[in-house]
Amino acid sequence: MFNLIIVMQGRFNLQEEWQKAVIFKQLGNVWRAGKSRLVSQVRVAKTAAERIALKPSNIPSLQLWNTWVKSKTTKSFTVSYLQLSKFHP
C-alpha cells in the first residue's frame with residue numbers, strides 16, 4: 001500500500017489528504033468496474049478455452065485463474081449475481 005502512495009504522488013499532485021482520498025476512490029471504482037466486466041465475460045464464455053483466453057496477463061498461473069473462474073461460476077455465486085443484477089440493469 002505504501003508503494004502505491006509513492007507512485008500516486010509521483011504521478012499526481014497530491015498535497016492534501018482529500019486529494020489522496022479522491023484518487024483512491026476513483027481507482028477503486030475503476031478496479032471494481034473492470035472486475036465486474038471480467039466476471040460477466042467469464043460467465044458468458046461457453047468453453048474452458050474461451051475462459052482461459054480471458055485470463056489477464058497479470059495472473060501468474062493458470063491454476064490461480066481456474067480457481068478464480070470456478071469461484072465466479074458456482075451456483076451460490078450465480079444466485080447472488082442474479083440478485084444483484086436486478087438492482088443494476
Quiz item: Say you draw a straight line from NZ of Lys55 to OG of Ser61; how long is it, rounded to the nearest 0.5 Å?
Solution: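 That separation rounds to 7.5 Å.
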Practice problem: Working to the nearest 0.5 Å, report the span between CD1 of Ile52 and CG of Asn66. | Solution: 5.5 Å
So do the side chains of [X] and [Y] get within less than 4.5 Å of each other, counting heavy atoms only?
X: Trp68; Y: Thr73; answer: no
X: Thr67; Y: Ser71; answer: no
X: Val44; Y: Gln41; answer: no
X: Glu50; Y: Leu54; answer: no

Taking the side chain from [X] and the backbone from [Y], do they hold a donor-acceptor pair closer than 3.5 Å?
X: Ser36; Y: Arg32; result: no
X: Trp65; Y: Arg51; result: yes
X: Lys25; Y: Asn29; result: no
X: Arg43; Y: Lys72; result: yes

Quiz item: If two hydrophobic side chains count as joined below 4.5 Å and joins carry through other members, does Trp31 share a cluster with Val39?
Solution: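 No.
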Quiz item: Are Trp18 and Leu27 grouped together when hydrophobic residues (ILVMFWY) are joined by side-chain heavy atoms under 4.5 angstrom apart?
Solution: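 Not linked; separate clusters.
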Quiz prompt | Minimal non-hydrogen separation, Gln19 against Gln15, with atom names | solution = OE1-N, 2.7 Å
